[in-house]
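Below is one structure, written out as structure tokens; comments come after it.
Within every chain, numbering begins at 1; the chains are lettered A, B, ... in the order of the sequence lines, protein sequences first and strands thereafter. Heavy atoms only: backbone and side chains are in, while hydrogens, waters and symmetry mates are out. Just so we're clear, the structure is a prediction, and the values are computed from it rather than from any experiment.
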Amino acid sequence: MSTTVRQMIVETAHRVFRDACDMETVAQAAKGTWPKTLWQALAGNGFTTLDDDGLTWEDALALLQVAGYYAVPVPLAESILASRLLTAAGLSIPEGVLTVGVTPASKPQVEHTASGTRLSGRWTQVAWARQADHVVFLAFDGDQPVITCVDQSSIQVTSGTNLAGEPRDTVVLEGALTGDVGGLPSPWSQDSVRSFAALTRVMLSAGALERILDMTLQYAGERKQFGRPIGKFQAVQAQIAEMAIEVAAVRAIANLALAATEASNDTASSTEGAALGRAEWTIALGKVRLAQAIHVSTTHAHQVHGAMGFTEEYPMHHLTRRLWAWRQEFGNDTAWAPSVVTELREHGVWRAVTGV
Amino acid sequence: MSTTVRQMIVETAHRVFRDACDMETVAQAAKGTWPKTLWQALAGNGFTTLDDDGLTWEDALALLQVAGYYAVPVPLAESILASRLLTAAGLSIPEGVLTVGVTPASKPQVEHTASGTRLSGRWTQVAWARQADHVVFLAFDGDQPVITCVDQSSIQVTSGTNLAGEPRDTVVLEGALTGDVGGLPSPWSQDSVRSFAALTRVMLSAGALERILDMTLQYAGERKQFGRPIGKFQAVQAQIAEMAIEVAAVRAIANLALAATEASNDTASSTEGAALGRAEWTIALGKVRLAQAIHVSTTHAHQVHGAMGFTEEYPMHHLTRRLWAWRQEFGNDTAWAPSVVTELREHGVWRAVTGV
Amino acid sequence: MSRFTFESIRLPDTAEDLRQDVRRFLADEQAKGGFVPVVDSWLSGFNPDFSEKLGRMGWIGMVWPEKYGGHARSTLERYVVMEELLAAGAPVGAHWVADRQMGPMILRHGTEAQKERFLPDMAKGVSYWAIGMSEPNAGSDLSAAQAKLTPDGAGWRLSGQKLWSSGAHRCQYMIALCRSGPAGDDRHGGLTNVIIDLRDPAVTIRPIYLISGEHHFNEVIFNDVYISEDMVIGEPGDGWHQVTEELAHERSGPERFLSTMPLFEALVQVTQHSEDRYLQRELAALASELAALRQLSLSIAGILEQGGNPVVEAALVKDAGTRFERKVTEVAERVLQLGTNGEGGVGVSDEIAANSGIAAAETLLAQAILHGPGFTIRGGTNEILRGIVARGLGLR
Amino acid sequence: MSRFTFESIRLPDTAEDLRQDVRRFLADEQAKGGFVPVVDSWLSGFNPDFSEKLGRMGWIGMVWPEKYGGHARSTLERYVVMEELLAAGAPVGAHWVADRQMGPMILRHGTEAQKERFLPDMAKGVSYWAIGMSEPNAGSDLSAAQAKLTPDGAGWRLSGQKLWSSGAHRCQYMIALCRSGPAGDDRHGGLTNVIIDLRDPAVTIRPIYLISGEHHFNEVIFNDVYISEDMVIGEPGDGWHQVTEELAHERSGPERFLSTMPLFEALVQVTQHSEDRYLQRELAALASELAALRQLSLSIAGILEQGGNPVVEAALVKDAGTRFERKVTEVAERVLQLGTNGEGGVGVSDEIAANSGIAAAETLLAQAILHGPGFTIRGGTNEILRGIVARGLGLR
């Protein structure tokens, strides 16, 4: 891992987001305005797609923590995941805004017809489908999971939003013409794709949790009641201390997932399966850990902020609403629990946690 | 319900326990000394068995709240339950210390032989079996649950204790001669007996929870750190406030269970089944509510007390260890959950809670 | 040994009969499409038609004397009506504050003329009132109120502002706690409650949008509003006393633990066929907490009926009740999978997922999540309440 | 944006090799009946034989210089050995305090003579040391210590008492924080650490029995004990500084979240065949919390290795870690049915219930319940720790 390069990317990202993604931009985006300048800034810095000579998958995941801190209102996670899937499937990455459809409603099929390859199916939770130039889909060729990319012009979008007002659209395709189709590389499974999608939520959330801690600390230091800053009250201090541990824990486990993901890419092919399994397990742990962190942190952050904190005017809700949504997206804690527990049962808790 | 009589019983009971059941008595009992004086005082006041002209089942349940407050180290709950079961089965109540065996290991049978009625089986969790003059057993005559009473001389006891050091023995009978056998009255089932046993634990715990709140309040007012009573610290205040609500909640639900039990006895025979069902449901609620109350209250009580509180010398553990044991006895919250949820599913939550 | 007064309450048969009347009414209304159950309906369900219907049923101002349009019923009968309305998620927001707080304050401290003028319309369900307590720098600390009353002839002039006034943009009146003199040593003096006609052009009402995007709360600005003598409640300077004695009413009611009741019902429905024991444990724990809270809240209603003022008990119940409301949400967040477009959750039966039950449950969960932060803040934060309990227990 | 220093740590391969050595050793010992896993083994597992064996393996004083009997290994290697011993519930109580606290204090502040005299026996696992910090009126507030040192020639006389000294009745030595002068304005002056030979007849050791009935803690009374000059650590008056700089070591170690690990393992084993999704959720939540805590604790070990003093981070980890230990107990209380004589629990498979697994799990649960209150009190209560975190975050 090139820590220095990644550190540089993270620092640059902070600068880019500070400039192009203030809370007003986020608020406007929540009302439906596409933040073109922000997207261009991100794309211009090479942050929106992976690149053999530039952003690696792991760099991009680190970048998502920064993006989460700023409540990024564009499909950055999806664009990165899309380029990861395309690359893995041996397909090329098109220009423009990319998103992914990786939660198909049933088992959408590609058909090889005389007039070309066609795709039919329905995908929910497609982030910013309405806005994307291309959507990268997880589909099936028979039983084989495959990746393929479809143009905006060929998709039917039903708009929806998550709790934070982020576009989460449903896309329906009925025999749409698609480009090349590529299989998932060994040892990836359909579940690996779901894991990677979940990992983007862990990364984004790690950043967003950090931000609400910062906002809460600042507020507690400034807001006065009964003649002194509320941060002097033991009850408020306890709430903030609890937030701090939750934030630190999520960051720790996000970094663990990042390291495991990296290890699974750097591994000799003979142990690839095991390394990928380890990465997926660590991601499952992360998604489970996230649920508690979000519950505790958002509860305390709002409680410390009092009535002000749940107004639209005060910007913290751009973070807390995203966190509530991200907790659920690509599976909540209950959904991921069996993936975690299978390993505990097979190896024992301690061996599972220490990597056997 | 004769509230005045019951009030009088409760007040007398407080006086009796204050005199005969101080913490030294409890501590000695925990070391194996049978508190003879206490038992005599209770028996002398007519508190150990139900009586047509004296203590009713509901009075006795109210009495158990007081007994719990004083960490009663004798089988008072069991003696009362034993006399309740005997009376219900149409049997007479013998003299002496009584206890019950109502958690049989399999399905112990009575056999009617030429030499008399004989009983075989194994019962766990028999409180003070080693000390009792008679043990009242729940057994079976074929498939029919029955009640019968066996003398100390005929039982084999393997000693055991619960977390609080209270005797919880295992009793084995192998064709022991028993006295009369009586069936459970309609509409009672084997589960009703289990419910009543659980109800004694709810009542005892309500009192014990009250006591640890009192002890914690007193300690917080006296103990100083950083130059002031710890009760002045907001963190301690919050812990005590949480204990207070838990105590109040358990008392409220214990009283609800008491009222429902009373209603099930006062009911015309046509609605007996429904009234008993309601009482059993309320008891299940109580046992479930208890689990949280014990978890929260014992945690906070010990935390406020600091290191002192978990020494043998400081008497609070006589209460907290009993609470931990009572939470489990006759089924913990997970065990009782289905009884609660069945009603919620059938009638909806609100109708179940308001009594349909 | 007992630190608080929480007597067991057995509801009179008249109250239980009334309960069945309310249930029939609600079932009818729901069948007619009169309302869709929502979370937190006493805040978000502002529905004048529905309030008028309730007025016609005699279910507003129930305990007030008949001569002021009331129905002279008992506190416990009123309690039963309130809890049924809330448990059903019915839209009671329009008249809620008038019925719970402003009517009783006028009844207790108002002049005969004020009673005759204001109470009958409240009881009809056509007069809606806002609360004017909080200010930008007086949230949990009401004694810091600064909205200023200056004497003007027999009346007063009012300048300043109030925050968080629920429904002020749709209400006709507000009662505001204002500063008419210095606070004095105990910090509780110099406060006066006045009635303000919100249609007065010198009153500016600005919306405060919530994180759910809804508009319930407002900032209300008084630009030198003339307050005539007959709009003052009781004696000038008695305001602190008047608002704090209502606190037990405000804090102990069933609205402090029933806000998420429609979600709880939905949760049980959609997991109807789950055999999962530990899910059942969570549901049973919630039910047992609910049952206990209801008994405690009923006990307080009983004390109020007898003229007591159980402020500490009310604080205890509100703290626990509002935490319960949020626990329901947390369990639901583990069961349902928001954003799957009504396609399921963990433990949700296919049968139910296939019909509209799951989508409705998800909608209720979204409402509960977004309203949740308010539960433990409004009407006195839980931190404030715990201080009150500690004081009641003699800790300070 | 980041408020604390928690760098990711990747353990070196040498440490992972060492882990396998420790596991083999522990498996052997367990197979031979050398120990039975217990909850909270670093308090309750006082086993001189076992400590000597560990000494022979080179697993005590691992990071100390070889000339004092140490093994010059890295902090991270030491960390791995510690976590493996604790996770297995091995009886490490006899030498724990010497290895973690007293040895390092002597190494850092002691004289050359003290190092030569005391460290080698500690590293052999034959010299056991007690902590003398708390007093009857100085629990969380160490600056209130009153055990009094009076000058006597070149040495001192010590009178007073210490409380909660773990294992003092079986240890040879104690290091006690004593008052040698006035506290001064910052309340931290005038404290001095001295080494006391516990076999001195002027020392009286009285047992403090725990609620589990066990005897680990003691009251240690100093009846005018003579403390020779060479038994003083560093300069008189430097005591506060010496004990607080060890706090990060004391609070961040794996013993602050692994005390109930044997119970957690047992819980997973006995519910091996449960298909209950919500039970799995609880187990997964515990595992995810454990994994995060371990990373944070490792990060602190990394900082310590580099010579940093992460007091605030350590407070954070101890607060969360000890709460985690108790959460394990709470989940186990829902699953197991104590007192059923090993006959089951909810979700416990019959297959396991039939063998000894369930009885062993119940024993561990009983230990965890009875030891639990101590977890969040010893070594600084969680309330104290949160104050430290708040200060670290700039809140006071």
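With salt bridges taken as basic N to acidic carboxylate O contacts below 4.0 Å, none links C:Glu325 and C:Arg256.
A donor-acceptor pair under 3.5 Å is absent between the side-chain atoms of C:Glu135 and the main chain of C:Ala145, judged by distance alone. At distances below 3.5 Å, at least one donor-acceptor pair connects side-chain atoms of A:Asp169 with backbone N or O atoms of A:Arg130. For the pair A:Lys287 (side chain) and A:Ala198 (backbone), a donor-acceptor distance under 3.5 Å is absent. Of the possible polar contacts, none joining the C:His216 side chain to the C:Ser44 backbone as a donor-acceptor pair under 3.5 Å is found. Proximity of a side-chain donor or acceptor of C:Thr260 to a complementary backbone N or O of C:Leu263 within less than 3.5 Å is not detected.
Residue A:Asn332 touches chain C through both its backbone and its side chain, counting heavy-atom pairs closer than 4.5 Å. For A:Ala335, the parts lying under 4.5 angstrom from a heavy atom of chain C are both the backbone and the side chain. Heavy-atom distances place both the backbone and the side chain of C:Ala366 under 4.5 Å from chain A. Heavy atoms closer than 4.5 Å to chain A are found nowhere in C:Arg378, neither backbone nor side chain. Contact annotation for C:Ile208: only side-chain heavy atoms (C-beta onward) come within less than 4.5 Å of a heavy atom of chain A. Neither the backbone nor the side chain of C:Leu142 has a heavy atom closer than 4.5 Å to any heavy atom of chain A. Proximity to chain C involves both the backbone and the side chain of A:Thr299, based on heavy atoms less than 4.5 angstrom apart. Neither the backbone nor the side chain of A:Glu329 comes within contact range of chain C, judged by heavy atoms closer than 4.5 Å. Proximity to chain A is absent for every atom of C:Glu214, based on heavy atoms less than 4.5 angstrom apart.
Ranked by heavy-atom pairs shorter than 4.5 Å toward chain A, the options C:His371, C:Arg334, C:Arg386 are led by C:Arg334. Chain C forms the most heavy-atom pairs under 4.5 Å with one residue out of A:His302, A:Gln239, A:Lys224, A:Arg327, and that residue is A:Arg327.
Once rounded to the nearest 0.5 Å, the distance linking CG of C:Leu210 with CD of A:Glu313 reads 12.0 Å.
Aromatic ring centres of A:His317 and A:Phe310: separated by at least 6.0 Å.
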